[in-house]
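Note that these values count all heavy atoms, side chains included, but never hydrogens, waters or copies made by symmetry. We count residues from 1, following the sequence as given. Order of listing sets the numbers, starting from 1, for every ligand and every atom in it.
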Amino acid sequence: MTLKKDFLWGGAVAAHQLEGGWNAGGKGVSVADVMTAGSNGVERKITDGVIEGENYPNHEAIDFYHRYKEDIALFDELGLNCFRTSIAWTRIFPNGDEAEPNEEGLQFYDDLFDECLKHGIEPVITLSHFELPYHLVTEYGGFRNRKLIDFFVHFSEVVMNRYKDKVKYWMTFNEINNQANYLRDFAPFTNSGLKFPEGASEKEREEMMYQAAHYELVASAKVVALGHKINPDFQIGCMIAMCPIYPATCKPEDMMASTVAMQRRYWFADVHVRGHYPSYLKAYFDRKEFKLDILDDDLKALEEGKVDYIGFSYYMSFAIKDHGKAPTFDYNEDKDLVKNEYVKASEWGWQIDPLGLRYAMNWFYERYEKPLFIVENGFGAVDEVEADGSIHDPYRVDYLKAHIEAMKNAVDYDGVDLMGYTPWGFIDLVSAGTGEMKKRYGVIYVDKDNEGNGTLERSKKDSFTWYQKVIATNGEEL
Ligand code: P53
């Protein structure tokens, strides 16, 4: 048998993308609540607070807040033994800077986790998944402000204490490295609550991103150390968006460009896992003359809060060509990536590359020798509902099958230690990048369209039965 007996087969979501109930139970406004619906190729707008007349898809999402009991029964039928979701920070601390938590929010997650456990489903919890309280953006400037470290640690301490006997697997910041793409507004805002001043230069944006990421890494390390005190059985991981960046050819300059690009996107993992800044990044900070607030106490905290495992998402790979920047090979994710002519892409341009998952697992495991957990993987596609209500999605099964095969090969042939696999959005939900419903990942269909119309009824796609069998055979039958 390839995979461990206690392999974690699950599904992954995030609170803001499925719960809805955006102002129910005393919940405050989060960064996700001020993002409008975009579409394929059209970015979501970030508005100044919640403005009447705008379409905010996360406000209702798929109404999991009110329907979680029937949904979890369906997850049980699917055979999941774990369920990855996040705790919406604004349910617990509506503004983010209160001293006392909101009991109604805490109770909601007590009930939700009890319901999961009742069905033999283990919750896997992300503490911050694009859900920063919006108040922390307007009052403090988001994670550019050192005070956010304490707010995040306080929030984490409260929930880790409260759920210490219900949740064992935690992750701190979802896809903390998305913000390596600091020229776009989306990732700095969703990761860190950053809004750049009008006319900020590329260098200023970059410097601000590094400052925010530093505070997050310190906050994360403090939470790891604290969590281990609260319950020594806790497993606390990081969460990295892994899109390996291949050299477009074997031209030496392409290879070096790829090396530097990988450093700019994955240094976050180095700090999380090794507990210190890598030398290549220190050299880069010196050369760029960034003035970053990094204290000795911070470095000590990083050293004392190394993660237990590496959670990561994998959807696609990237490629890069020599772009004439030798010897620095300075790289910008928004400008310097090229198309990989050897692979196909989804309708949203995400390059489909199952072998890239095996490559990524090798890259992580060689480098860190820590257990890996694939906490997101999946295929965003448009689904058609037949007249009889059935949904045939062989493209989704093909995608998942090929990736699970690659994952098993990494375990079998390459000796990688893998904890589990939780495909993304296994119940249709609001897309993070575009705010669409139409970009569906689910094996469970939810009747709702981009404009917000629909009954919200759930139904099983063909991929449901397929995934059910995969789980039941521990991945032997694909
Ligand atoms: P959507 C970019 C690249 C890789 C993963 O994404 C990403 C993103 C951000 O769009 O996000 C993760 O919904 C994220 C989830 C998100 C999922 O991937 O844009 O952790 O919240 O929904 C899929 O198609």
Side-chain donor-acceptor distances from residues 418-427 under 3.5 Å, at least two apart:
unit_1: Tyr421; atom_1: OH; unit_2: Asn377; atom_2: OD1; d: 2.6
unit_1: Thr422; atom_1: OG1; unit_2: Val375; atom_2: O; d: 2.9

Checklist entry - With Val29, which residues qualify under side chain to side chain contact (heavy atoms under 4.5 Å, CB included), at least two apart? => result Trp22, Asp33, Val34, Val50, Tyr134
Checklist entry - So, are Arg205 and Asp185 salt-bridged, with charged N and O less than 4.0 Å apart? => result yes
Next on the checklist: Testing Trp363, Tyr314, Phe364, Phe318 one by one against Pro244 for a side chain to side chain contact (heavy atoms under 4.5 Å, CB included), which residue passes?
Outcome noted: Tyr314
Item to check | Residues in side-chain hydrogen bond (donor to acceptor under 3.5 Å, both in side chains) contact with Tyr266, at least two apart in sequence or another chain | outcome: none
Checklist entry - Using a threshold of 4.0 angstrom between heavy atoms of the protein and any atom of ligand 1, which residues qualify? => result Gln17, His129, Phe130, Asn174, Glu175, Phe186, Tyr315, Met316, Trp350, Glu376, Trp424, Ser431, Ala432, Gly433, Lys439, Tyr441
Item to check | Mutual orientation of the aromatic rings belonging to Tyr109 and Phe113 [parallel < 30°, tilted 30-60°, perpendicular > 60°] | outcome: tilted
